[in-house]
Each structure stands twice: as structure tokens, then as C-alpha cells.
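Protein chains get the first letters and strands the later ones, always in sequence-line order, with residue 1 at the start of each. This is a predicted model, so every value here is computed, not measured.
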Amino acid sequence: MPELPEVETIRRELDREVVGRRIKTVELSSTARRTIRRHKGPKEFQSGLEGAKVTGVHRKGKYLLFSLEGAGKAQTLVVHLGMSGQLLLVKRTKEPRDRHTKVVVTFTQGGQLRFVDPRTFGEMFVTTPEDVDKQVPELAHLGFDPIEDIMSWLRLSALLRQKKTRLKTLLMDQRFVAGIGNIYADEILFAAGLRFDRESTSLTSQEVRRLHRSMVEVLSDAVKARGSSLQDEQYRDIFGETGDYQSRHNVYGRDGEACRRCRSVIVRVKSNGRSTYLCEQCQV
DNA sequence: ACGCCCGCCTGTAAGC
DNA sequence: TGCTTACAGGCGGGCG
């Protein structure tokens, strides 16, 4: 579910709300084993966190990284929300817990950060800053960040020529570019006027420039709108609020509806087993 | 070596 | 109405 705009929204809120707080206790539900699957057991996870102070919250692709200052030594908490993970900040400890609550972090100043994850694809992991890349190799192998890293269209053009893959596959490949998932891949390709199945090596320089601009524009507009919440409203920020970007979707989830640009019908097809939405008139 | 598909889970909605 | 099936934002592993 959560892609770059949603994770970045959560990151900004966490950076404002939890930096400076100290972790008092870490509670794990009986089904949290899968959440902390990279750890041997709960003890290792809890001892890395309890007593530590949050000094910053960062994002790499769809991963959140909490910088922590423990008893003398620095730690990093890595969080991936998977398909259905939510991080919710609650003021009162007594607030009833969602039944899929996996981890509850209670701060010494009061308040809790809860990790709720029905589909259990999400993950939490604690290690030292220097070991992060070794222990979570996916992080070390992430591609460029489309809104943080300055990337010229010429550089993008060179990268596209190195890979001979369909455009959507490439946009969703975290090792190529970090943070784009199924929703934003479709929205970026619509904005660029390109089909999902165009081969990466086939783009003219004008098309590369359009793709480059669309990637930055769609993702930064989506961050400004605080991400997309779909019908199931699974995506929520740390205050439980939905995002607003779904109302601006041009193709995703709009099959059968009229294209906002040319009025022809938006279609849904399958690509790599994933639903793909496009306008066959506007995207070539 | 790399693209593609499956499986991992639970919940919801469509289909019969 | 109620059961069954398909599908859903994620990614890693294994297959061809």
C-alpha cells in the first residue's frame, strides 16, 4: 500500500511528533513474531529500543529509519509498512487497540506509537547504524530517490538505456528507483503519456524528459496532498487521517471512467500479475 | 543474468 | 442470503 508519498507523509509527521521522546517500553503482541522476523526473538528487539531516545526519522525509498540514541550507543530502527502497515500515534495509553496491533512503543513522556498490520507483510528491525546495510541488504541496494536525489534527465536516459525492460517493471524495481509502487507507476506513466509496456531503451529524448518531469511532479504533488487513501482507507497517517491524492488520480482505480484529458475510457489490464490502469489514447 | 510468477497473510467485495 | 473466489498498495525467492 504505502509508497513514497505515503511513507514521506508519515516520516514528516513522525519527525515533528516523536523526535526527542524516549522509549520506556516495547510490547509485542502474540502474533508479532513475523513483524520482527529478522530478530532471533523479542528480547533482542526490545532491548535495542527500550531506554533509547529518538533523534531523527528518515526515509529511504519505502523504508522508515528512526535514529536512536541508546545507553551510549546509537541504534537504528528500520520499519517497512508492507501492504497494510500503519504507524499510529496515540495520546492515551487506554485507547482501545486495533486487533492487528503488533508492536506498541510507549514513551516516558506518555503517549504511544503503535504498529498495526493486518496482512503482516510489514517489518520492524533494530540494529546499529553501521550494520544496517549488511543486515538489511535491500536497503543498501536501493536505487535513486526520485524526489530527494538530483537526477538530470540525461542521467536518467543513460540509466534507462542500461536496462532492457518494460517501463512499468523498471519504475517499480526498487533497485532502479526507490519508492514507486503500483499506484504511482501508473500515474507517472499517464502523466508522461507513455504505455506501461514500452521498452526502456525505446524512448526518444523528449519522452525521457517527460518521464523525468512526471516522476518528480506526480510524487511531489502526492506528498503535498499527503498521499493516497483508496476505498478501504487502509492508508492512514500517524493521526489516523486519510490522504487526499486519490481524488487527483488520472488512471489508478478509474477503469470504465472517462479519461480526464481525452474522454476515452480508462482500461485495466494485467502486467506482471498486477493491475495496470491506462488511457490507450493518451499513452503511446 | 535477468525477467517473471508465486507465495506470504487477512479482509473485502464480487460472483454464483 | 450464504458460500466461494478473486483480488488488494509490498517484496523475496526460485524458476525458466
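- Shown here is A:Q206, whose CD atom has no more than 12 heavy atoms of other residues, nucleotides or ligands within 6.0 Å.
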message = Within the 4.0 Å limit for protein heavy atoms, which parts of nucleotides 11-16 of chain B are touched? Write it as a string from 5' to 3', B for base, S for sugar-phosphate only, - for none.
response = S-----
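- Comparing the same atom, C1', in B:dC5 and in C:dC7 gives a spacing of 16 Å after rounding to whole Å.
- With rounding to the nearest 0.5 Å, the separation of CE in A:M172 from OG in A:S271 is 8.5 Å.
- Remark: the backbone N or O of A:V26 is paired with a side-chain donor or acceptor of A:Q46 at under 3.5 angstrom.
- The interatomic distance linking A:N272 (CG) with B:dG7 (P) rounds to 17 Å, in whole Å.
- Applying the 4.0 Å criterion to OP1 and OP2 of B:dG3, one finds that A:T165 has a side-chain N or O inside that range.
- Sequence order on DNA chain C of the closest nucleotides to A:E138 and A:G273 puts A:G273 first from the 5' end.
- In terms of heavy atoms, A:A74 sits closest to A:P129 at O-CD, 3.4 Å.
- To the nearest angstrom, P of B:dC2 lies 13 Å from NE2 of A:H141.
- For the pair A:A185 and A:L171, the tightest heavy-atom approach, listed with the atom from each and the gap, is O-CD1, 4.1 Å.
- In this structure, A:K270 atom NZ and B:dC5 atom P are separated by 11 Å, rounded to whole Å.
- Straight-line distance between the P atoms of B:dA1 and C:dC11: roughly 23 Å, to the nearest whole Å.
- We find that CZ of A:F125 is positioned 23 Å from P of C:dG10, with the value rounded to whole Å.
- The A:Q174 side chain lies nearest to C:dC11 when the options are B:dC9, B:dG3, C:dC11.
- Computed from coordinates, the A:F176 CZ to B:dC2 C1' distance equals 15 Å when rounded to whole Å.
- Linking Ile, Leu, Val, Met, Phe, Trp and Tyr residues whenever their side-chain heavy atoms come within less than 4.5 Å places A:L28 and A:F115 in a single cluster.
- Here the shortest heavy-atom pairing between A:L194 and A:R198 reads CD2-NH1, 3.8 Å.
- Taking atom CD1 on A:I10 and atom C1' on C:dG10, their separation rounds to 14 Å, with Å as the unit.
- One atom, CG of A:N182, and another, P of B:dC5, lie 14 Å apart when rounded to the nearest Å.
- In this structure, A:R261 satisfies the cation-pi test against A:F190, with its NZ or CZ atom closer than 6.0 Å to the six-membered ring centre and inside 45 degrees of the ring normal.
- Going from atom CZ of A:F121 over to atom C1' of B:dC6 covers 11 Å, rounded to whole Å.
- Within 4.0 Å of A:R268, counting heavy atoms only, lie sugar-phosphate atoms of the nucleic acid but no base atom.
- Consecutive Watson-Crick or G-U pairing (both distances under 3.5 Å) extending over three or more pairs maps onto DNA chain B as B:2-8 with C:10-16, B:10-16 with C:2-8.
- Residue A:K62 places at least one side-chain N or O closer than 4.0 Å to OP1 or OP2 of C:dG10.
- Closest approach of A:F107 to A:Q112, counting heavy atoms only: CE1-C, 4.1 Å.
- Between A:T169 and B:dC4 there is a side-chain polar atom (N or O) within less than 4.0 angstrom of OP1 or OP2.
- Both A:L170 and A:L4 belong to a common hydrophobic cluster when Ile, Leu, Val, Met, Phe, Trp and Tyr are linked at side-chain heavy-atom distances under 4.5 angstrom.
- Between A:R274 and C:dG10 there is a side-chain N or O to OP1 or OP2 distance below 4.0 Å.
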